[in-house]
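Structure, as structure tokens:
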Protein chains: 2
Amino acid sequence: MELKQQATVTLAEVAEAAGVGESTVSRVLRNHGSFSGKTRERVMAAVERLGYVPNRIAGTLASTGSRLVAFVIPSLSNIVFPDVLRGASAVLEENRYQSVFSVTDYDPGREEALAAAMLAWRPAAVMLAGYEHTDGTAKMLRASGCRVVELLDLDGDALDIAVGFSNRAAGRESAAFLLKRAYRRIGYVGHDLQRDTRAGKRFSSFCETLEAAGAPLIAREILAGPSSVENGRLGLERLLARATDLDAVYFSNDDMALGGYFHCLAQGIAIPSQLAIFGYNGLDIGRAIPQPLSTIRTPRVATGEIAAQLIVANAPPQVVDLGFELIEGATA
Amino acid sequence: MELKQQATVTLAEVAEAAGVGESTVSRVLRNHGSFSGKTRERVMAAVERLGYVPNRIAGTLASTGSRLVAFVIPSLSNIVFPDVLRGASAVLEENRYQSVFSVTDYDPGREEALAAAMLAWRPAAVMLAGYEHTDGTAKMLRASGCRVVELLDLDGDALDIAVGFSNRAAGRESAAFLLKRAYRRIGYVGHDLQRDTRAGKRFSSFCETLEAAGAPLIAREILAGPSSVENGRLGLERLLARATDLDAVYFSNDDMALGGYFHCLAQGIAIPSQLAIFGYNGLDIGRAIPQPLSTIRTPRVATGEIAAQLIVANAPPQVVDLGFELIEGATA
DNA sequence: GTGAAAGCGCTAACAT
DNA sequence: ATGTTAGCGCTTTCAC
């Protein structure tokens with residue numbers, strides 16, 4: 001260990017040490033413009049010797065565009081969002097972009113405040129979940145001049161770019177599948193739908209599809225709070241206490257469905273003969289349980305990847321429907 | 001929708017519109033220094049009217065310290081890290097800090113490159129997992145003058161602040177528990193230990209403890225790639241094919257252990273009478289399966305929270321041991 | 001209580 | 001190929 005901290009080295013010091021001008025150092029470091037091989041070596045040597053770390057704050061202020069992408073996500077507990085971040089950050093890091101994030105906890109007011117805070121960093125793009133924003137958020141985003149990507153939902157009007165799939169279609173196909181399998185007495189176990197609007201959309205189109213087929217939803221159990229395995233278990237327990245003659249249950253997602261599955265396992269309820277279970281998300285764990293979970297696999301990582309690629313490429317406004325895949329599984 | 005984009009409003013324009021000086025606007029906006037109530041109103045009105053969003057890039061450059069915290073994490077697939085981020089970001093957002101992150105994929109070389117990139121934003125702190133950094137990373141971090149927090153591991157020397165618990169102790173206690181329960185023919189199923197050094201530490205102290213008790217590990221199955229439920233299932237299947245007389249298996253974490261549990265369920269192997277299973281992490285799902293998983297619950301969210309609190313409070317260098325909790329469960 | 005002016009550390013013309 | 005010089009949009013003395 002050598003030099004002391006705090007006294008951060010600046011580009012000017014590197015220039016002085018290398019015996020060249022500041023702009024030359026800048027050119028060499030960004031590998032942009034022209035300079036001789038010798039100059040390059042002297043600059044790099046000075047950088048190395050002084051332990052220079054460029055200041056991106058200054059760099060960004062002086063130039064345009066910020067190689068910073070802001071994510072405003074509802075939650076980190078729901079695996080969906082880490083998955084999206086994972087896909088996006090892989091692509092972004094490859095392209096030397098950086099990711100800032102903040103968590104709204106499904107609160108539109110918080111989303112607005114956090115989006116404003118993110119905008120203050122003048123990101124190249126802000127990515128947020130779905131279409132349900134306050135007027136303030138939408139207005140701010142539009143006025144910011146930075147790219148906006150709405151993720152994981154296509155049922156609405158895009159501000160700029162949207163990448164994901166239709167939650168309504170997912171709900172519809174789930175219902176159609178259960179109907180096709182001849183289930184007619186269907187129930188639902190879900191988590192807080194006011195907050196998770198995408199789950200709400202799935203649920204409402206699920207119900208519509210059942211009604212249109214003359215087999216309306218028999219009973220529902222909505223639990224307060226976020227989705228979890230334990231809430232799924234509890235939800236099914238409560239639902240079955242009220243509605244004893246169900247033949248299938250649709251869950252708001254796989255976490256909840258797994259809870260339901262475990263409840264049946266523990267109670268000796270035969271799946272799917274006595275009760276069918278259908279989830280949403282296509283988590284890996286659903287494939288590893290003794291009977292693979294019937295569910296819809298969503299392109300979470302791909303959503304992040306595509307969104308990032310579009311931003312890196314500065315693509316025009318567009319809606320990208322990645323679709324989803326219905327997994328027949330063995331529980332329905 | 002009103003004005004056009006791109007022409008971003010600056011503080012100078014707000015000052016002009018409000019008929020005051022720039023520094024006055026700055027004072028009002030940061031609520032710092034003195035100004036009259038009237039001035040305040042006029043400034044706020046102008047801000048509102050013009051839709052001004054302060055530029056933090058410029059603000060940070062002009063002032064000192066950056067209310068930015070950088071996370072350099074190995075993965076987003078392993079729930080551990082989203083959990084840490086969740087705890088930290090809740091505290092940080094409350095204190096108007098922002099979070100940048102990047103994912104190393106367990107590669108120390110990448111960690112160095114990404115840490116350098118993060119440092120370029122002059123964050124208030126950089127938080128990274130564990131102690132295993134390259135010399136270059138350590139040197140850079142030390143020279144940067146910014147706070148460093150090492151998370152989730154206490155078996156080593158801290159650069160500045162460390163928050164977490166001892167993985168060696170976790171491995172030791174897991175072994176002690178199995179021995180106390182009179183299991184003597186113990187096997188191990190794990191994922192890539194070269195990369196996940198914390199899992200490696202647990203494993204080695206687990207083995208040492210077994211040996212010291214005269215019941216050395218009988219067999220192990222290490223799978224390439226990250227931990228997953230499916231790999232746990234596969235790992236146990238392979239392990240049992242080679243070692244038929246095991247009475248307990250230790251897994252590198254709960255994901256893997258759940259896979260093992262499901263394998264037993266599917267194969268009709270009685271748990272724990274025929275085979276005991278022990279995990280690590282204390283995931284919620286482990287409590288929802290028919291037999292609660294025996295495991296060690298780690299303070300992941302709390303690790304993030306405490307780390308963030310220490311940074312917000314600008315606490316002195318220290319090591320915070322949050323410990324962990326052994327869950328007896330029903331699988332061992 | 002308020003304004004003027006000097007930077008913060010870079011980048012991007014524009015010279016040379 | 002390289003140096004000089006204006007900013008980028010703020011914060012922060014320091015006068016008034």
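Per chain, numbering begins at 1; letters A, B, ... match sequence-line order.
Residues in residues 110-151 of chain A take part in no ring-ring contact (aromatic ring centres under 6.0 Å, His included) pair, two or more places apart or across chains. Listed by first then second residue, pairs satisfying ring-ring contact (aromatic ring centres under 6.0 Å, His included) with a partner in residues 73-116 of chain A read A:F101-B:F101, not counting sequence neighbours.
For the atom pair CD of A:E112 and CG of A:L141, the computed distance is 10.0 Å after rounding to the nearest 0.5 Å. Distance check, rounded to the nearest 0.5 Å: CZ of B:R56 to OG1 of A:T60 gives 15.0 Å. Rounded to the nearest 0.5 angstrom, B:E305 CD and B:R300 CZ are separated by 12.0 Å.
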**Message:** So if I define the base as every atom that isn't primed, P, OP1 or OP2, how would nucleotides 4-9 of chain D read as a B/S/- string at a heavy-atom cutoff under 4.0 Å?
**Reply:** B--BBB
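Applying the side-chain contact (heavy atoms from CB on, under 4.5 Å) test between B:M118 and each of B:L68, B:V126, B:L128, B:V100 identifies B:V100 as the sole match. Considering B:D153, B:D196, B:N167 in turn, B:D153 is the only one that fulfils the side-chain hydrogen bond (donor to acceptor under 3.5 Å, both in side chains) rule with B:K201.
With 3.5 Å as the limit, one finds no donor-acceptor pair spanning the side chains of B:R67 and B:N95.
Once you apply a 4.0 Å limit to the heavy atoms of chain A, the touched nucleotides of DNA chain C run 5' to 3' over C:dG9 to C:dA13.
The interatomic distance linking A:W121 (CH2) with D:dC10 (P) rounds to 13 Å, in whole Å.
The 12-atom threshold is exceeded at CD of B:Q309, counting heavy atoms of other residues, nucleotides or ligands nearer than 6.0 Å.
Annotation: proximity of residues 28-40 of chain B to DNA chain C (heavy atom, distance under 4.0 Å) is found for B:S34, B:F35, B:S36, B:T39, numbered in ascending order.
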**Item:** Full working for side chain to side chain contact (heavy atoms under 4.5 Å, CB included) between B:V69 and B:I311
**Value:** CA-CA 9 Å; B:V69 172; B:I311 289 309; 4.3 Å; yes
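Recorded end-axis angle for the helix from C:dG1-D:dC16 to C:dT16-D:dA1 stands at 30°, based on five pairs per end and rounded to 10 degrees.
Side chains of B:P108 and B:T137 form no contact here, defined as non-hydrogen atoms less than 4.5 Å apart.
Of all the heavy atoms in A:A18 and A:V43, the pair that sits closest is CB-CA, 4.0 Å.
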